[in-house]
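The chain is numbered in sequence order, starting from 1.
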Amino acid sequence: KGEILRCGFGNEFASEDPRCPGSLPEGQNNPQVCPYGLYAEQLSGSAFTCPRSTNKRSWLYRILPSVRHKPFTPMSCGDLTENWNDVEPDPNQLRWKPFNIPKSSEIKVDFISGLHTVCGAGDSKSRNGITIHMYTCNTSMTDKCFQNADGDFLIVPQQGEILITTEFGKMMVEPNEICVIQQGMRFSVDVFGETRGYILEVFGAHFELPDLGPIGANGLANPRDFQTPVAWYEDRTVATGYTVVNKYQGKLFSCQQDFSPFNVVAWHGNYTPYKYNLENFMVINCVAFDHADPSIFTVLTAKSTRPGVAIADFVIFPPRWGVADHTFRPPYYHRNCMSEFMGLIKGHYEAKEEGFQPGGASLHSIMTPHGPDVDCFEKNSTAILKPERVAEGTMAFMFESSFSMAVTKWGLDTCHHLDKSYYECWEALQNHFNPNWKPSSK
């Protein structure tokens with residue numbers, strides 16, 4: 001693809017655009033006069049006094065500092081919201097059919113105007129919470145960038161690749177890849193047709209790799225497979241005005257400036273955007289009996305202050321081998337103290353092969369029962385247990401959270417894609433109880 005990316009998760013990187021060799025200051029962060037007459041600007045992703053292991057910051061050397069702009073003014077939020085009290089709580093199992101992508105021949109919709117909040121909880125003001133959005137768009141952002149002052153965006157493309165230009169450089173992100181744009185980083189999204197995907201937003205924490213415990217040093221998402229862009233700048237004046245859109249305390253604001261914000265000639269630090277290809281996930285699975293917990297499929301986690309309890313986990317269900325003996329192999333029936341939002345990038349999810357479709361979603365709220373549908377249960381209760389490939393050609397994922405998430409009015413009503421018949425997939429489950437059952441003699 002011609003991309004030039006650096007590898008490693010959370011590394012200390014240093015990058016300068018090759019058009020300006022020596023643009024990174026040597027031996028200090030903010031010299032009295034920077035090379036090439038650049039401005040030094042620090043972007044902090046953590047408190048200054050955080051422990052060194054969690055301290056996140058990068059130094060950007062730019063043609064003009066980001067402070068040079070007109071005042072921010074409120075703008076329409078569209079279907080983007082942090083109001084969790086618009087509708088009454090709904091504890092039912094919820095499933096959405098694939099969300100519509102607007103036709104470019106009818107209306108032009110870019111990444112920002114195509115954001116729709118499905119559900120969430122917590123509060124960006126108190127820096128504790130989670131929001132799940134869909135994006136459906138058909139047009140590239142022109143002379144416009146987005147900055148999320150509230151939290152981190154984990155973006156999961158489902159249809160259509162997206163070219164993300166950031167202050168740190170460019171990343172092409174395709175379906176079956178993910179990217180994370182951390183709090184405060186400015187970015188613009190180019191699309192190449194009808195485009196759709198999922199976004200997990202977290203307030204008050206950054207995503208990190210999960211601890212591996214007894215798994216040991218290697219496995220799941222390996223640090224070397226994460227990629228960070230390299231410095232790229234444009235020295236571009238925009239006489240008609242460049243728009244910076246800022247998401248702040250759940251609302252949108254915009255300001256004008258007369259230059260491109262992607263004017264960073266060089267940078268160094270450990271607070272960066274990054275991407276990851278889900279095909280690189282090293283799958284761990286049960287090789288004897290029973291069904292292991294889905295935590296073995298965690299790619300990234302945003303930890304809470306409670307040990308072992310996440311604000312949000314990003315979990316995938318990739319192609320793998322199923323070999324467990326004497327075992328019902330698909331996911332078991334379950335009630336959970338966590339909220340489970342699922343999406344499907346491609347293929348057919350093993351526990352619900354028909355109704356759950358790519359570009360759709362489901363939400364199983366805290367303590368709401370869920371599990372395989374009738375067809376899945378009956379087929380796998382009598383299946384011959386030989387080694388088999390599971391989820392071939394499929395990539396399903398889950399945003400799991402300790403928060404009890406409220407669904408928005410858009411999610412329950414306005415989108416018109418809620419599957420009101422979802423509950424019926426369990427209605428035909430039969431009573432197989434036999435009080436006269438006896439164990440078979442061996």
Side-chain angles (χ1 to χ4, degrees), residues 1-50 52-69 141 143-148 152 163-173 179-190 206 223-239 242 244 255 257-276:
K1 288 180 266 187
E3 290 182 285
I4 303 173
L5 299 161
R6 301 287 175 84
C7 296
F9 187 88
N11 290 14
E12 285 282 343
F13 293 105
S15 183
E16 60 184 27
D17 191 305
R19 291 171 289 177
C20 296
S23 48
L24 269 176
E26 293 186 11
Q28 63 179 125
N29 293 321
N30 58 319
Q32 185 178 24
V33 178
C34 292
Y36 294 90
L38 298 171
Y39 287 86
E41 179 178 298
Q42 184 175 224
L43 179 63
S44 296
S46 66
F48 297 146
T49 52
C50 274
R52 185 181 288 265
S53 62
T54 58
N55 209 302
K56 294 180 178 291
R57 59 85 185 96
S58 287
W59 281 91
L60 313 178
Y61 301 93
R62 53 198 321 153
I63 296 168
L64 282 170
S66 57
V67 72
R68 210 191 93 170
H69 64 82
M141 294 167 60
D143 291 336
K144 182 192 298 183
C145 74
F146 187 74
Q147 169 187 302
N148 185 1
D152 289 11
L163 175 61
I164 302 181
T165 301
T166 77
E167 295 169 281
F168 296 79
K170 294 173 177 280
M171 298 184 294
M172 184 73 81
V173 189
C179 71
V180 173
I181 308 293
Q182 302 194 76
Q183 182 187 9
M185 296 175 180
R186 294 183 174 179
F187 68 99
S188 183
V189 177
D190 285 347
H206 296 297
R224 65 175 293 191
D225 293 323
F226 288 81
Q227 297 180 303
T228 294
V230 296
W232 175 89
Y233 78 90
E234 58 180 7
D235 183 10
R236 184 164 66 93
T237 300
V238 186
Y242 194 103
V244 177
C255 72
Q257 57 189 48
D258 61 3
F259 62 95
S260 167
F262 305 121
N263 62 355
V264 177
V265 178
W267 60 266
H268 77 86
N270 64 350
Y271 189 54
T272 70
Y274 55 88
K275 63 176 272 188
Y276 174 75

Novice: Working to the nearest 0.5 Å, report the span between CG of Asn263 and CD of Glu234.
Specialist: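 The distance works out to 8.5 Å.
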
Novice: How about Glu12: does its CD atom have over 12 heavy atoms from other parts shown lying under 6.0 Å from it?
Specialist: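 Buried by this count: over 12 neighbours within 6.0 Å.
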
Novice: Does Arg6 use its side chain to pair, donor to acceptor, with the backbone of Ala14 at less than 3.5 Å?
Specialist: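 Between the backbone of Ala14 and the side chain of Arg6 there is a qualifying donor-acceptor contact (under 3.5 Å).
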
Novice: Are any of the side-chain nitrogens in Arg236 or Asp143 under 4.0 Å away from the carboxylate oxygens of its partner?
Specialist: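 Counted as a salt bridge, because a side-chain N and a carboxylate O are separated by less than 4.0 Å.
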
Novice: Look up atom SG in Cys34 and atom CD in Gln28, then write down how far apart they are to the nearest 0.5 Å.
Specialist: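 CD of Gln28 is found 8.5 Å from SG of Cys34.
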
Novice: Which atoms form the tightest heavy-atom contact between Tyr36 and Gly22, and what is the distance?
Specialist: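 Answer, listing the atom of Tyr36 first, then Gly22: CE1-C, 4.1 Å.
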
Novice: Can you find a heavy atom in the side chain of Thr228 that is under 4.5 Å from one in the side chain of Tyr274?
Specialist: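 Yes, their side chains come closer than 4.5 Å.
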
Novice: What I'd like to find out is whether the side chain of Lys275 reaches to under 4.5 Å of the side chain of Leu5, using heavy atoms alone.
Specialist: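 Yes, at least one pair of side-chain atoms sits under 4.5 Å.
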
Novice: Hey, are the side chains of Pro273 and Ile164 touching, using non-hydrogen atoms and a 4.5 Å cut-off?
Specialist: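 Pro273 does not reach Ile164 side chain to side chain.
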
Novice: Looking only at non-hydrogen atoms, find the nearest pair between Ala231 and Ala266 and report the distance.
Specialist: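 The pair with the smallest heavy-atom distance is CB-CA, 4.3 Å.
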
Novice: So do the side chains of Trp59 and Asn30 get within less than 4.5 Å of each other, counting heavy atoms only?
Specialist: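 They are in side-chain contact.
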
Novice: Closer than 3.5 angstrom, by distance alone: can the side chain of Ser46 be matched with the main-chain N or O of Lys56 as a donor-acceptor pair?
Specialist: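 Flag set: sc Ser46 to bb Lys56 pair under 3.5 Å.
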
Novice: What heavy-atom pair brings Glu16 and Pro21 nearest, and what distance separates the two atoms?
Specialist: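 In terms of heavy atoms, the two residues are closest at OE2-CA, 3.6 Å.
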
Novice: Can you see which heavy atom on Ile63 is nearest to which on Asp235, and at what distance?
Specialist: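 In this case the closest contact between Ile63 and Asp235 is CD1-CB, 3.6 Å.
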
Novice: Would the number of heavy atoms belonging to other residues, nucleotides or ligands and lying under 6.0 Å from CZ of Phe259 be above 12?
Specialist: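 Yes, CZ of Phe259 has more than 12 neighbouring heavy atoms, counting only those of other groups under 6.0 Å.
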
Novice: Give a yes or no answer on whether the side chain of Glu167 reaches the backbone of Arg186 with a donor-acceptor pair at less than 3.5 Å.
Specialist: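 Judged by distance alone, yes, a pair lies under 3.5 Å.
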
Novice: Should Gln183 and Asn148 be marked as a side-chain contact (heavy atoms from CB on, under 4.5 Å) after you check the CA-CA gap, both sets of side-chain angles, and the distance that decides it?
Specialist: CA-CA 6 Å; Gln183 182 187 9; Asn148 185 1; over 6 Å; no

Novice: Are the side chain of Tyr242 and the backbone N or O of Lys144 linked by a donor-acceptor pair below 3.5 Å?
Specialist: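 Checking the backbone N and O of Lys144 against the side chain of Tyr242, a donor-acceptor pair under 3.5 Å is found.
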
Novice: Identify which one of Asp190, Val173, Val189 satisfies the side-chain contact (heavy atoms from CB on, under 4.5 Å) criterion when paired with Leu163.
Specialist: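 When Asp190, Val173, Val189 are each tested with Leu163, the side-chain contact (heavy atoms from CB on, under 4.5 Å) holds only for Asp190.
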
Novice: Examine distances only and state if a side-chain atom of Tyr61 and a backbone atom of Asn29 form a donor-acceptor pair shorter than 3.5 Å.
Specialist: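 Yes; at least one donor-acceptor contact below 3.5 Å.
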
Novice: To the nearest 0.5 Å, what is the distance between CG on Asn55 and CZ on Phe48?
Specialist: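 The CG atom of Asn55 sits 9.0 Å away from the CZ atom of Phe48.
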
Novice: Does Thr166 reach the side chain of Met185, with side-chain heavy atoms less than 4.5 Å apart?
Specialist: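 No, too far: nothing below the 4.5 Å cut-off.
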
Novice: Quick one, Phe13 with Ser58, criterion side-chain contact (heavy atoms from CB on, under 4.5 Å). Give me CA distance, side-chain angles, the key distance, then yes/no.
Specialist: CA-CA 9 Å; Phe13 293 105; Ser58 287; over 6 Å; no

Novice: For the atom pair OG (Ser188) and NZ (Lys170), what is the distance rounded to the nearest 0.5 Å?
Specialist: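 One finds 8.5 Å between OG of Ser188 and NZ of Lys170.
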
Novice: If you define the side chain from C-beta out and look only at heavy atoms, does anything of Tyr271 sit under 4.5 Å from His206?
Specialist: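 Of all side-chain heavy-atom pairs linking His206 with Tyr271, at least one is under 4.5 Å.
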
Novice: Are side-chain heavy atoms of Tyr233 and Leu38 found at a separation under 4.5 Å?
Specialist: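 The answer is no, as the side chains (C-beta and beyond) never meet within the 4.5 Å cut-off.
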
Novice: Quick check for you: to the nearest 0.5 Å, what is the distance between Gln257 atom CD and Leu64 atom CG?
Specialist: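 It comes to 8.5 Å.
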
Novice: Only one of Asp17, Val230, Leu60 clears side-chain contact (heavy atoms from CB on, under 4.5 Å) with Trp267; which?
Specialist: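 That would be Leu60.
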
Novice: Can Phe168 and Leu43 be said to form a side-chain contact (heavy atoms from CB on, under 4.5 Å), step by step?
Specialist: CA-CA 11 Å; Phe168 296 79; Leu43 179 63; 4.1 Å; yes

Novice: Indicate yes or no for a side-chain donor-acceptor contact from Glu41 to the backbone of Pro65 under 3.5 Å, with no hydrogens or angles considered.
Specialist: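 It does not hold such a pair.
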
Novice: First locate atom OG1 of Thr272, then atom CZ of Phe226, and finally report the distance between them rounded to the nearest 0.5 Å.
Specialist: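 Separation between the atoms: 11.5 Å.
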
Novice: Using only atom types and a distance under 3.5 Å, with no angle test, would you say the side chain of Arg62 pairs donor to acceptor with the backbone of Pro261?
Specialist: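 Between the backbone of Pro261 and the side chain of Arg62 there is a qualifying donor-acceptor contact (under 3.5 Å).
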
Novice: Would you say that Val265 contacts Arg19 through its side chain, given a criterion of any heavy-atom pair below 4.5 Å between the two side chains?
Specialist: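 Side-chain contact under 4.5 Å: no.
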
